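Below you'll find the structure, written out as structure tokens, and then a few comments.
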Amino acid sequence: MTSNSTAKTLVKTFLRTPHSLKTKFQAKQLLAQFLKTQPYSPSSISILISVYSNFNLLHPSLFLFNSLNSPPLLAWKSIVKCYANSGHFLNSLTCFVQMRSFGIYPDPNMFPFVLKACVFLKNLRLGESIHGCVIRLGLDFDLFTGNALLNMYAKFQSLQPNGGHKVFAFNVFDGMPKCDELCGTSAQEKGASIIQLDRITKVLEMMPKRDVVSWNTVIAGNAQNGMYEEALRMVREMGNANMKPDSFTLSSVLPIFAEYVDVIKGKEIHGYAIRHWFDSDFYIASSLIDMYANCARIEDSCSVFNLLSKRDDISWNSIIAACVQNGVFDEGLKLFRQMLTAEVKPRDVTFSSIMPACAYLTTLHLGKQLHGYIIRGGFNDNMFIASSLVDMYAKCGNIKAARWIFNQMEHHDMVSWTAIIMGYALHGHAHDALLLFKQMEMDGVKPNYVSYIAVFTACSHAGLTEEAWRYFNSMSRNHGIKPGLEHYAAMADLLGRAGKLEEAYEFIGSMHTASTAARRWKDAAKMRIFMKKKGIRKEPACSWIEVKNRVHTFISGDKSHPLYDRIFEALKDLLEQIEREGYIPDTNEDFHDVDEEQKKYIIFSHSERLALAFGIISTPAGTTIRITKNIRVCVDCHTAIKLISKVVQREIIVRDNSRFHHFKDGKCSCRDYW
DNA sequence: ATAGGGTTAG
């Protein structure tokens with residue numbers, strides 16, 4: 001027997017039992033044999049195409065497909081499926097339409113792929129037209145097709161009319177549309193209506209048989225569109241139809257309890273998951289991590305994560321986000337490093353989740369590293385990431401970089417506007433902040449709850465009480481935002497700082513307590529997390545500074561730094577220099593029962609001064625010094641640092657717990673109001 | 001054919 005005839009026998013054997021091929025490698029080997037021993041009949045070629053498309057091997061499939069003059073149904077079906085499964089949705093649809101123009105009728109297991117393509121291309125009209133095709137062919141009784149239709153309508157539920165997505169109408173039976181029509185660039189039908197719930201219900205009711213997938217699809221659709229009660233009702237209905245919730249059901253339901261901050265119900269689901277061995281499921285685990293994090297139960301998030309034997313990128317993202325949102329920044333950064341060590345590639349979500357940790361901790365070097373990673377990864381144009389970068393640079397003291405990133409952004413949403421406004425507010429540039437707020441309004445971006453907190457912060461740091469009142473009054477009048485606890489707090493703070501104590505008392509007395517009760521559950525949980533963060537911060541006053549990519553932390557009176565002797569010398573030296581400039585220690589704040597000399601020494605070793613002296617001796621002359629302090633800078637240090645900035649001729653930026661101070665040439669940007 | 005994670009505040 002020649003080697004060719006052996007090959008031919010081999011190929012024929014496989015063609016009779018195509019499922020005996022188990023690996024891509026085997027499939028590729030078969031192709032070699034096949035090409036050696038051509039020609040074959042169109043039906044044999046089609047079988048081979050179906051084998052390749054099952055392995056999602058697009059190119060060999062296309063190669064064989066193109067060799068056919070009039071491809072049979074199986075060949076078309078395989079190509080449509082292969083295109084859809086490899087993300088080439090437009091090609092998948094074009095191919096389907098082409099097939100129709102050849103007069104070939106689709107079979108039921110073709111529709112799920114075509115409908116999936118419509119979902120990805122956000123082309124509702126095309127989907128509807130395919131639905132029509134399904135009905136005309138009498139295939140709407142098919143379970144898989146029905147489920148795919150449910151999925152399509154569920155996904156289109158969330159698409160707003162005129163929401164920027166492109167929709168185009170054409171009839172599948174009208175022949176071939178042009179490419180640009182399929183992707184909808186002509187967009188004649190932008191006014192596509194929101195798919196009403198009853199559309200989905202109708203499809204569901206028409207289905208002669210429903211399985212768990214049908215229910216899960218509808219439940220997920222409702223859950224993702226904020227129709228929580230409807231979703232939960234469907235879960236009960238599913239149970240009435242004698243169908244057991246599975247891991248898909250649970251991972252759709254968990255985010256609802258996360259949003260409701262209902263840890264009791266969330267735990268019940270967790271229990272159910274454990275009893276049914278679903279708790280090691282990626283999807284459920286990340287929903288559980290998120291649910292616990294939303295309920296301010298970060299310890300429970302961590303236990304879920306730790307019990308996972310395998311973790312995917314989303315598991316990592318979930319736990320990192322959970323830590324950062326709960327103010328456990330160090331742990332978040334630690335996990336981020338572990339994620340990199342585990343060679344899990346960070347994604348866009350990873351960066352926007354971790355960035356606030358750098359912002360809060362003022363670790364500029366880390367933020368910059370992440371920024372570099374973001375640029376290399378091509379994530380620059382992601383709104384979430386850009387907003388978090390604006391925030392990070394502003395909070396790390398570099399308002400110019402923050403503004404630069406903000407200006408680079410193609411579109412600004414309310415979050416990015418708020419981030420930059422808050423940035424200017426924290427730096428004491430109240431007028432820039434308020435100007436940006438006006439620009440935002442002119443841009444047609446509606447401010448939200450948080451934007452007004454930024455506005456009041458800006459007014460507060462500049463003592464602009466009248467402006468603040470104007471904004472406070474217009475907030476509900478012009479934008480329908482009811483003032484909440486945070487706004488009252490910011491206003492009271494502002495009046496207090498401005499010395500208008502009477503007004504502040506009166507204002508607090510007039511507070512609408514009802515407005516807090518009306519706040520969403522989620523905000524209540526956020527408030528709890530915030531309180532927790534404050535509670536955790538029981539450590540003494542401390543300041544930190546980054547030198548050569550390392551963070552050096554100092555507490556008041558701290559002698560533990562290896563360079564303490566040199567720091568002490570530098571402090572003494574600085575003291576002498578500023579005393580020549582007229583500095584007199586202001587020992588009125590904080591103490592009693594301490595003699596003057598001791599007082600002088602205690603003030604002398606305040607944490608920000610230790611950090612400052614260290615910064616001066618360990619960086620080249622003229623370098624800007626950035627210090628972060630966990631509590632407010634005291635009056636005496638403020639005076640001293642102003643003078644130090646003059647005598648050492650350096651710009652010194654101190655961020656305390658409420659704002660930035662830029663010291664230069666003996667002056668501070670806060671104009672001594674903070 | 002169905003499911004999970006993100007930015008702005010105090």
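Just so you know, these numbers use all the heavy atoms, side chains as well, and skip hydrogens, waters and symmetry mates. Chain naming here is simple, since letters A, B, ... match the order of the sequence lines and numbering starts at 1 in each. Please read these numbers as outputs of a predicted model, since none were measured by experiment.
- Closest to the side chain of A:Ala220, out of B:dA3, B:dT8, B:dG4, is B:dA3.
- Closest approach to the A:Met422 side chain among B:dT2, B:dT7, B:dA9 is made by B:dA9 (side chain taken as heavy atoms from C-beta onward).
- Residue contacts for A:Ala321: at a heavy-atom cut-off of 4.0 Å it reaches the sugar-phosphate backbone alone, with no base atom in range.
- We find that OH of A:Tyr449 is positioned 18 Å from P of B:dT7, with the value rounded to whole Å.
- Look at A:Asn151 and you'll find a side-chain N or O under 4.0 angstrom from OP1 or OP2 of B:dT2.
- Counting to the nearest Å, the C1' atom of B:dA9 and the CG atom of A:Leu426 are 10 Å from each other.
- Between the side chains of A:Asp312 and A:Ser315, at least one donor-acceptor pair of N or O atoms lies under 3.5 Å.
- B:dA3 atom C1' lies 17 Å from atom CH2 of A:Trp215, rounded to whole Å.
- Contacts of A:Asp300 classified as side-chain hydrogen bond (donor to acceptor under 3.5 Å, both in side chains), with partners at least two apart in sequence or in another chain: A:Arg297.
- Distances from the side chain of A:Gln224 to the nucleotides B:dT2, B:dG4, B:dG6 place B:dG4 closest.
- Listed by chain and number, the residues in a ring-ring contact (aromatic ring centres under 6.0 Å, His included) with A:His461 amount to none (sequence neighbours excluded).
- Rounded to whole Å, atom C1' of B:dG6 lies 13 Å from atom CG of A:Leu389.
- The distance from atom CD of A:Glu410 to atom C1' of B:dT7 is 18 Å, rounded to the nearest whole Å.
- Annotation: proximity of residues 272-288 of chain A to DNA chain B (heavy atom, distance under 4.0 Å) is found for A:Asp281, A:Phe282, A:Tyr283, A:Ser286, A:Ser287, numbered in ascending order.
- In this structure, A:Thr145 reaches neither bases nor backbone, as no heavy-atom distance under 4.0 Å exists between it and the strands shown.
- Identified under the side chain to side chain donor-acceptor pair (under 3.5 Å) test for residues 401-418 of chain A, with sequence neighbours left out: A:Arg403-A:Asn407, A:Arg403-A:Tyr424, A:Asp413-A:Ser416, A:Thr418-A:Ser451.
- Nearest to the side-chain atoms of A:Pro255 among the listed nucleotides B:dT8, B:dG4, B:dA1 stands B:dG4.
- Of the residues in residues 348-358 of chain A, A:Asp348, A:Val349, A:Ser352, A:Ser353, A:Pro356 come within less than 4.0 Å of DNA chain B through at least one heavy atom, sorted by number.
- Side-chain atoms of A:Ser50 and A:Ser78 form no donor-acceptor pair, as typed in the model, at a separation below 3.5 Å.
- Atom CG in A:Asn216 sits about 15 Å away from atom P in B:dA1, given to the nearest Å.
- Qualifying side-chain hydrogen bond (donor to acceptor under 3.5 Å, both in side chains) partners for A:Asp313, counting only residues two or more places apart in sequence or in other chains: A:Arg347.
- Side-chain atoms of A:Ser251 come within donor-acceptor range of the base of B:dA3, with a qualifying N/O pair under 3.5 Å.
- For A:Pro112, the side-chain atoms get nearest to B:dA1 when compared with the rest of B:dA1, B:dG6, B:dA3.
- As judged by a 4.0 angstrom heavy-atom cut-off over every strand, A:Asn382 is placed among the base-contacting residues.
- Residues passing the ring-ring contact (aromatic ring centres under 6.0 Å, His included) test with A:Phe305, sequence neighbours excluded: A:Trp316.
- Contacts of A:Asp246 with the nucleic acid, taken as non-hydrogen atoms under 4.0 Å apart, are absent.
- Checked by atom type, the side-chain pair A:Lys155/A:Asn151 shows a donor-acceptor distance below 3.5 Å.
- OP1 and OP2 of B:dT7 both lie 4.0 Å or more from every side-chain N or O belonging to A:Lys395.
- Without hydrogens or angle criteria, A:Asn222 side chain to A:Val218 main chain gives a donor-acceptor distance under 3.5 Å.
- Residue A:Phe111 is out of contact with every strand shown, counting any heavy-atom pair closer than 4.0 Å.
- Here A:Phe384 does not lie in a stacked arrangement on the base of B:dT7, lacking the combination of planes under 30° and ring centres under 5.5 Å apart.
- Remark: P of B:dT2 and CG of A:Asn85 are 10 Å apart, rounded to the nearest angstrom.
- Taking atom CD1 of A:Ile385 as the reference point, atom P of B:dT8 lies 12 Å away to the nearest angstrom.
- Residues meeting the ring-ring contact (aromatic ring centres under 6.0 Å, His included) test with A:Tyr393, sequence neighbours left out: A:His371.
- Using a 4.0 Å heavy-atom cutoff across all strands shown, A:Lys81 reaches no nucleic acid atom at all.
- A:Phe257 is linked by a ring-ring contact (aromatic ring centres under 6.0 Å, His included) to nothing, counting only residues two or more places apart in sequence or in another chain.
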